[in-house]
> 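There's a structure below that I have some questions on.
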Amino acid sequence: MTTSTLTDRYVSAVVRGVPDRQRADLEQELRASLADDIDARVEGGAEAKTAEREAIVELGDPIVLAARYAGRPLHLVGPELYADWRRLLTVLEFIIVPIVVATLVIVGAVKGDTFGGIVGGAVWTGLSVGVHLAFWVTVTFVLIERSPSMAAKKLMIWTPDMLPETAAQRTSRTEFIVETVLAALFLTAFVLSPFVSPFTDAAGAVVPLFDPWIWQSGILIVLVLVPLLQVGAGALKLRGHWTMPYAVAATLIDVAGAIAIIVLGATDHLLNPAFFDAAGWPQSVIGVTNIVVIVVGALAIATSAWENIRSVRRA
């Protein structure tokens, strides 16, 4: 997990707003300028964090600064309101449009519409809402700009707290969410398997997808604990508390989980043959699945140590 300072976030926000060919030089220049300013403030008696924040505040809104470096006028609305317009429109587009699309998908599914009708209607309406948002927000800002009593007023006072996360932070957060969802699905599948199944035997007992041997052996403890501990490790990475001892411990946890998966595949104790008989599926599928599980487990062992150590280096 990369722990980003305000400087990292500020520089990232500025360089995103300039052409690619300018980014490397601009980043170097900005970092050097900020470092000099921060050092001067620290020498003057300010604390390091306070000095960093004050230096960034003095440079101002990254949207405006990026436009200045790029030699690009702030179009559509005047320069005083451009940053407010862009920031508000971005927030609205990323909140309202997804909500509208998700609502339409849910309503269409409840009504029993066809898949194509649901997707087509949701996408078309989402695009329409996005266009209308852009139009009406822009019109509103044009009217504000032409109102003498309001044009001179900033709608939002920019502060460093408004800086977006860096790409590394967003990637780490996305990875954590994906890993947590996968772990939840994995655990749910194993926990519910003995109780939920479309098939029952002659005595009316549930025929689970996974081999009942898993619940009769201690391997179930490993299969439950490993995903939970991996989520905990992901949380530590996200919060920037990742150290080499944690990386070693996480690697051992990953290895334990991978070994458990390999054992299940190698001993034909992963999937329940009775389930495949009840479903009318060929038993050969079990063999293929076991091979895939063994390969995936081996790859997990091979990559876990590298990823965990690499995360320490990025922290």
Side-chain angles (χ1 to χ4, degrees), residues 1-42 48-49 51-95 97-98 126-127 130-131 133-135 137-138 141-142 145 154-178 237-238 240 306-307 309-315:
M1 165 62 194
T2 299
T3 53
S4 297
T5 63
L6 279 178
T7 297
D8 295 327
R9 292 165 59 193
Y10 186 79
V11 172
S12 175
V14 173
V15 299
R16 277 205 307 269
V18 302
D20 291 342
R21 65 181 182 276
Q22 293 182 251
R23 290 182 179 178
D25 292 339
L26 175 57
E27 179 173 355
Q28 185 176 357
E29 179 183 342
L30 264 180
R31 287 189 181 278
S33 175
L34 280 169
D36 291 342
D37 194 355
I38 292 169
D39 288 343
R41 294 173 187 272
V42 170
K49 288 187 177 180
E52 181 184 36
R53 187 180 184 88
E54 290 175 350
I56 288 173
V57 168
E58 185 170 318
L59 284 177
D61 194 323
I63 294 176
V64 176
L65 185 61
R68 189 184 310 153
Y69 272 107
R72 183 180 61 246
L74 302 175
H75 295 292
L76 294 180
V77 293
E80 292 299 323
L81 296 177
Y82 175 83
D84 293 336
W85 166 81
R86 176 174 163 178
R87 192 171 286 115
L88 177 61
L89 182 58
T90 300
V91 170
L92 292 177
E93 294 282 9
F94 278 94
I95 292 178
V97 174
L127 290 174
V131 171
L133 276 175
F135 175 78
V137 169
T138 302
F141 271 81
V142 169
E145 185 182 26
K154 285 285 294 178
L155 300 186
M156 304 180 206
I157 303 302
W158 182 86
T159 70
D161 297 325
M162 298 168 65
L163 287 171
E165 293 178 331
T166 62
Q169 286 177 304
R170 291 193 298 273
T171 299
S172 297
R173 190 179 300 277
T174 301
E175 289 176 353
F176 176 71
I177 292 173
V178 170
K237 292 179 184 178
L238 192 64
W306 164 248
E307 175 57 31
I309 294 174
R310 187 168 69 95
S311 297
V312 174
R313 291 174 178 171
R314 290 185 301 176

> Does Arg31 have any salt bridge (charged side-chain N to carboxylate O under 4.0 Å, His left out) partners at least two apart in sequence or in another chain, and if so, which?
Asp8, Glu27

> How long is the gap from CZ on Arg16 to CZ on Arg23, to the nearest 0.5 Å?
9.0 Å

> Side chains of Leu30 and Leu65, heavy atoms from C-beta outward: is any pair under 4.5 Å?
yes

> Take Glu58 and Arg53 through the salt bridge (charged side-chain N to carboxylate O under 4.0 Å, His left out) test and state the conclusion after the steps.
CA-CA 9 Å; Glu58 185 170 318; Arg53 187 180 184 88; over 6 Å; no

> Look at the side chain of Tyr10 and the backbone N and O of Leu34, then say whether any donor-acceptor pair between them is shorter than 3.5 Å.
no

> Which heavy atom of Glu93 sits nearest to which heavy atom of Pro98, and what is that distance?
O-CD, 3.4 Å

> Consider side chain to side chain contact (heavy atoms under 4.5 Å, CB included). Of Asp25, Asp20, Val18, which one does Gln22 pass it with?
Val18

> Looking at every non-hydrogen atom in both residues, tell me the closest pair between Val97 and Gly126 and how far apart they are.
CG1-O, 3.8 Å

> Taking atom CD1 of Ile38 and atom OG1 of Thr7, what is their separation to the nearest 0.5 Å?
4.0 Å

> Does Glu29 have any salt bridge (charged side-chain N to carboxylate O under 4.0 Å, His left out) partners at least two apart in sequence or in another chain, and if so, which?
none

> Return yes when atom CD of Glu54 has more than 12 non-hydrogen atoms of other residues, nucleotides or ligands closer than 6.0 Å, and no otherwise.
yes

> Taking the side chain as every heavy atom from C-beta outward, state whether Leu26 and Val11 have any atom pair closer than 4.5 Å.
no

